[in-house]
Amino acid sequence: YLNFKITDALLSEALTGIIHAEAPGKNNSQADQRILLEYVSANPTGPLHIGHGRWAALGDSLVRILRHSGAVVTPEFYINDFGFQMEKLALSVWWRAVELLKQEGALPGVSPDADLLAGRELPYPGEFVIELAQAYLQEAGQRQAMLEDWASVQEAVLQGGEPSSLPIWSERIKQRIIELVAPRILADQRQLLEDIHVHFEVWTSEKKALHESGAVERTLKQLADNGFTYESEGALWFRSSEFGDEKDRVLRKTDGSYTYLTADIAYHDEKFSRVREDGTRYNRIMNIWGADHHGYIPRMRGAIQALGHDPNQFEVVLGQLVNLLVDGERSRMGKRRKMLTLRDVVDEVGVDATRFWMVSKSADSALDFDVDLAASATSENPVFYVQYAHARCCSIFRNAVEPSPNVDTGEVTPPYLQVEELDKLARSLTPSALAPLFNALESDKEKAVLKTLILHLDSFEDTVADAARLRAPHFIAQYAMDVAANFHSFYNVCRILTPDPEVTKARLMLILALRKTLAQALDLLGVSAPERM
RNA sequence: GCCUCAGUAGCUCAGUUGGAUAGAGCAACCGCCUUCUAAGCGGUGGGUCACAGGUUCGAAUCCUGUCUGGGGUACCA
């Protein structure tokens, strides 16, 4: 094993490079990549939950890291606004609307106290459905339409007709509810995502872009022309087993409707074929999926191949699921009346803590999110450790250029140096100017801590490239914690602002490189870098 | 059954292409604020890296098997 000595000159060069860099860690390791990254892609059937939060944090950090590594990335949200889920939601809204009308005594022949929902289980029992129903009834004309609708289904409902036994209500009202409700929910989701600094450039509606546009039929025809479909048992099948899938998959059900897979195949066909603004196409179609979709990959890959695209350009980043811990026990998220939403968590622990928490662990391991710990996690979250390091750097710079009045004597100590002086020094910095950094150290310990810190700063670029290559944002979180720890050690063992101006300047350059790197690392995670805490 | 992810300190988890004495945060204990922010630092205690084989000069890491836990195995989305 080579045991080479790292000279002060090399360390100086590393620091100088960081200070002159436009953005630390920037590299070209992914420069040949044109990536369409689809993630989150929730149904517009309710608020985002914790699980979505993990994909959002993971995906957005990945976008930032890949771009920092030279890739062109388009983040995209696929809106699953088609199919049974939407109908189930509409049905739930309808029931809540009936309930509201009943409470007002507006339903003929029904007492306001009567329990129409007794024994029934709404597909979407959440509180938010009641708000949607209220909004729906306030729409011009909808209240009247509901009452007319009620007259036609009243008897069936009063005799105990189940909500699931469709249709007991009119198609007209169903569509009207969906039209009203889907955009509202989507807008809420979008607002929350923006609030946590997760931005999508493209929003693709399954309903509009695939079903109403005829894209699904076109893709289906292409698959058939290529000879990969057949009819059996009244359904249309895809020969996915020819591509390594366990079995063939249904594309068109016996009732004539399409499966989710069919629309998704059309979607991926479109993504592969899409021509970008500069005339090129994407050479990487990337998705972030939950581990519950794992078995779905072979059939999707098969379909991509069957349509003549390169399956090697298709990539799925799988994330293990998030468990919600309530009273120390795992509980399934979702269909509870009171559920803990992503909004609740963000309100409770803040954007920075939530995002850092979500990406500080490998996506390969299941994440336990302890609700009871959420509040206390505020002070426990390592994100503050990193942010504090950054704030400390900023504080040092403030002290360096500001006069400091002594509280006891009232005397004012002049600033160590002027802002302009500092800027000029940074701009024209050469490695040799950093010599005082190494010469003025008093102990081996100081020297060792300093060396570790600079080596760490120097490895940032490699870390970003590794994180990009392995699609592992948690490398960055880990890195940020490590560097922060190095700095906190150094800070306690070595003073930055000293009576010797040359030493002070050199050490300030170190802090400048550190501050830039910390700010960049935090930015790659979508976390703010506060100047004071 | 098959596919897949995981099992590392009391708890939550890092450990990148195999590399030197396995790390961090939290929790426990002992120190450190007249000096750049103590949301910090130093120290102590705490690990048969699930288990058993194998490959290798060298394994938490690679291979095989076993055990335990999560997820999947739909004409749901």
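Here is how names work: the chains are called A, B, and so on, in the same order as the sequence lines, proteins then strands, and each is numbered from 1.
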- Message: Would A/Asn287 and A/His268 count as a side-chain hydrogen bond (donor to acceptor under 3.5 Å, both in side chains) here? Give the steps.
- Response: CA-CA 10 Å; A/Asn287 299 324; A/His268 280 78; 2.8 Å; yes
- Task: With rounding to the nearest 0.5 Å, note down the distance linking CD in A/Gln387 to CG in A/Leu522.
- Result: 6.0 Å
With both distances kept under 3.5 Å, what pairs with [N], Watson-Crick or G-U wobble?
N     : answer
B/U16 : none
B/G31 : B/C41
B/A6  : B/U68

Check every strand shown and say whether [X] touches a base, only sugar-phosphate, or nothing at a heavy-atom separation below 4.0 Å.
X        : value
A/Arg252 : nothing
A/Tyr385 : sugar-phosphate
A/Ala391 : base
A/Ala291 : sugar-phosphate
A/Cys494 : base
A/Met533 : base
A/Ser395 : base
A/Glu233 : base

For nucleotides [N] and [M], find the distance between their [atom1] atoms and express it as a whole number of Å.
N     : M     : atom1 : value
B/A74 : B/U21 : P     : 50 Å
B/G10 : B/G46 : C1'   : 8 Å
B/A52 : B/A59 : P     : 15 Å
B/C3  : B/U64 : P     : 11 Å

Minimum-distance nucleotide to [X] side chain [options: [options]]:
X        : options             : value
A/His474 : B/U12, B/A14, B/A39 : B/A14
A/His294 : B/C36, B/G71, B/C76 : B/G71
A/Asp364 : B/G71, B/U17, B/A6  : B/A6
A/Ser365 : B/A14, B/C36, B/U12 : B/A14
A/Ser362 : B/C75, B/A77, B/A14 : B/A14
A/Phe384 : B/G40, B/U73, B/A39 : B/A39
A/Thr259 : B/A77, B/A38, B/C41 : B/A77

Flag the pair [X] / [Y] as yes when their ring centroid distance falls below 6.0 Å, and as no otherwise.
X        : Y        : answer
A/Phe77  : A/Trp203 : yes
A/His456 : A/Phe487 : no
A/Tyr39  : A/Phe200 : yes

- Considering only heavy atoms from C-beta outward, does the side chain of A/Leu89 approach that of A/Ile177 to under 4.5 Å? no
For [Y], is there an ion pair with [X] - N to carboxylate O distance below 4.0 angstrom?
X        : Y        : answer
A/Arg252 : A/Glu231 : yes
A/Glu421 : A/Lys505 : yes
A/Lys26  : A/Glu461 : no
A/Arg249 : A/Asp245 : yes

- Message: Can you pull out the residues from residues 501-521 of chain A that lie within a 4.0 Å heavy-atom distance of RNA chain B?
- Response: none
- Task: Tell me which residues in residues 77-84 of chain A put a heavy atom below 4.0 Å from RNA chain B, sorted by number, or none.
- Result: A/Phe82, A/Phe84
- Between the base of B/A77 and the side chain of A/His293, is there any donor-acceptor pair under 3.5 Å? yes
- Task: Classify the side chain of A/Gln320 versus the base of B/G71 as yes if they form a donor-acceptor pair under 3.5 Å and no if they do not.
- Result: no
- Query: How would you label the glycosidic angle of B/C33: syn (within 90° of 0) or anti?
  - Reply: syn
Please tell me if [X] has a side-chain N or O lying less than 4.0 Å from either OP1 or OP2 of [N].
X        : N     : value
A/Ser489 : B/G42 : yes
A/Arg392 : B/A38 : yes
A/Ser232 : B/C75 : no
A/Lys253 : B/C76 : yes
A/Tyr258 : B/C75 : no

- Task: Tell me whether the guanidinium CZ or amine NZ of A/Arg301 lies under 6.0 angstrom from the six-membered ring centre of A/Phe243 and within 45° of its axis.
- Result: no
- Task: By nearest nucleotide on RNA chain B, pick out whichever of A/Arg532 and A/Phe475 is the more 5' one.
- Result: A/Phe475
